[in-house]
Amino acid sequence: NPTSGSHFIEQTSATRGFNMTGLVLLMHFNNDSLNNIENYSSTNGTVYDFSGNNNHGNLTFASPSVFSQTNGKFNGAFNLDGSDDYIKTSFLNITGNRSVAAWIKTDTFNRRHIIFGNSSKYVFFIETNNQLSVYSGVGVVGSGYIIDTNTWYHVAIVTNTDVTPHNHTFFLNGLSLNSTTGAGSANITGIQAIGDQYENAENFDGVIDEFSLWNRSLSAQEVQDLYKRGQSNLSIQVRSCDDISCSGEVFKGPTNDSSSISLMQHLTC
């Protein structure tokens with residue numbers, strides 16, 4: 001029987017560098033104001049792609065309140081309402097191996113939560129039986145693992161297209177759940193969506209943070225390192241002292257007071 005996510009908690013940190021080759025899409029969802037690259041004050045704000053490929057997205061059919069500065073796993077995140085909120089990406093074309101990863105937290109049971117996909121092709125999602133699943137053009141392949149509500153998970157799917165039908169490996173909090181061959185051999189083509197099956201009314205109900213898409217198969221070690229870079233994040237404050245004992249000086253965060261902290265992103269480029 002599927003077991004609880006509490007068994008998938010890694011306490012150690014990653015010390016290796018990360019191979020960024022094949023990174024197609026990287027979204028932090030922080031409403032970063034540097035060079036005015038993001039602005040979620042309107043219903044169609046730009047969602048910036050930090051992969052360097054300029055695959056920027058658009059916040060679609062959503063109210064400004066969909067962005068939360070405090071409800072993310074790291075800084076900001078998108079709190080999707082399960083009705084009409086999603087991020088539409090640029091036109092993507094991945095015909096070979098691929099990997100998808102994100103931090104997620106769902107609000108409801110017994111409904112379909114689309115993490116990433118389009119209307120009829122490759123879709124990474126939580127099925128109505130609450131299992132982490134993938135659809136690859138013909139049939140649904142389940143991980144056998146039930147996702148709890150109100151719980152942060154780092155989820156990933158690695159698909160190997162060197163075999164037909166494709167082989168899919170699911171990961172939860174850096175650990176492999178299973179590897180299985182599923183029906184269909186769908187590619188990632190056309191306009192995709194994060195939080196929806198692209199205008200197919202099966203939106204994610206909950207919070208999505210730190211989304212990444214790769215045009216290669218990440219290794220099991222890489223997926224685990226990707227998780228550790230988030231689980232073992234650093235919370236930072238600084239202080240400036242004019243004497244060796246730092247008398248009268250206090251640690252401060254990004255809002256220049258002791259109530260805020262700066263969180264290190266788990267993946268940057």
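Keep in mind that the numbers below use all heavy atoms, side chains included, and drop hydrogens, waters and symmetry copies.
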Whether Thr46 side chain and Tyr48 backbone form a donor-acceptor pair below 3.5 Å: no
Residues two or more places apart in sequence or in another chain: which of them pass side chain to side chain contact (heavy atoms under 4.5 Å, CB included) with Thr108? Arg111, His113, Asp205
Assess the pair Tyr122 and Phe124: is the distance between their ring centroids shorter than 6.0 Å? no
Under the 3.5 angstrom rule, does the side chain of Ser99 hit a backbone N or O of Arg216 as a donor-acceptor pair? yes
Centroid separation Trp103 to Phe29 less than 6.0 Å: no
When you measure from the side chain of Asn55 to the backbone N and O of Leu25, does any donor-acceptor pair fall under 3.5 Å? no
Output yes when Arg112 and Glu127 qualify as a salt bridge under the 4.0 Å nitrogen-oxygen rule, no when they do not. yes
If the condition is side chain to side chain contact (heavy atoms under 4.5 Å, CB included), which residues does Asn93 pass it with, not counting sequence neighbours? Phe91, Thr95, Thr189
Aromatic ring centroids of His28 and Phe74 under 6.0 Å? no
Donor-acceptor under 3.5 Å (Gln131 side chain, Ile146 main chain): no
Under the 3.5 angstrom rule, does the side chain of Tyr153 hit a backbone N or O of Ala102 as a donor-acceptor pair? no
Where the side chain of Tyr135 meets the backbone of Gly137, is there a donor-acceptor pair that is under 3.5 Å apart? yes
Residues in ring pair (Phe, Tyr, Trp, His ring centres under 6.0 Å) contact with Phe211, at least two apart in sequence or another chain: Phe116
Any side-chain to backbone donor/acceptor pair from Thr151 onto Thr149? Under 3.5 Å, distance only. yes
Side-chain heavy atoms of Leu132 within contact of Ile115, under 4.5 Å: yes
Compute whether any side-chain donor of one residue and acceptor of the other, for Thr161 and Asn97, lie under 3.5 angstrom apart. yes
Does Gly96 offer a backbone N or O that forms a donor-acceptor pair with the side chain of Asp162 under 3.5 Å? no
Do Asn167 and Ser179 have side-chain N/O donor and acceptor atoms under 3.5 Å apart? yes
Could you tell me whether the side chain of Thr128 reaches within less than 4.5 Å of the side chain of Asn110, counting heavy atoms only? no
Is it the case that the side chain of Asn118 and the backbone of Lys121 share a donor-acceptor pair, with hydrogens and angles ignored and the cut-off at 3.5 Å? yes
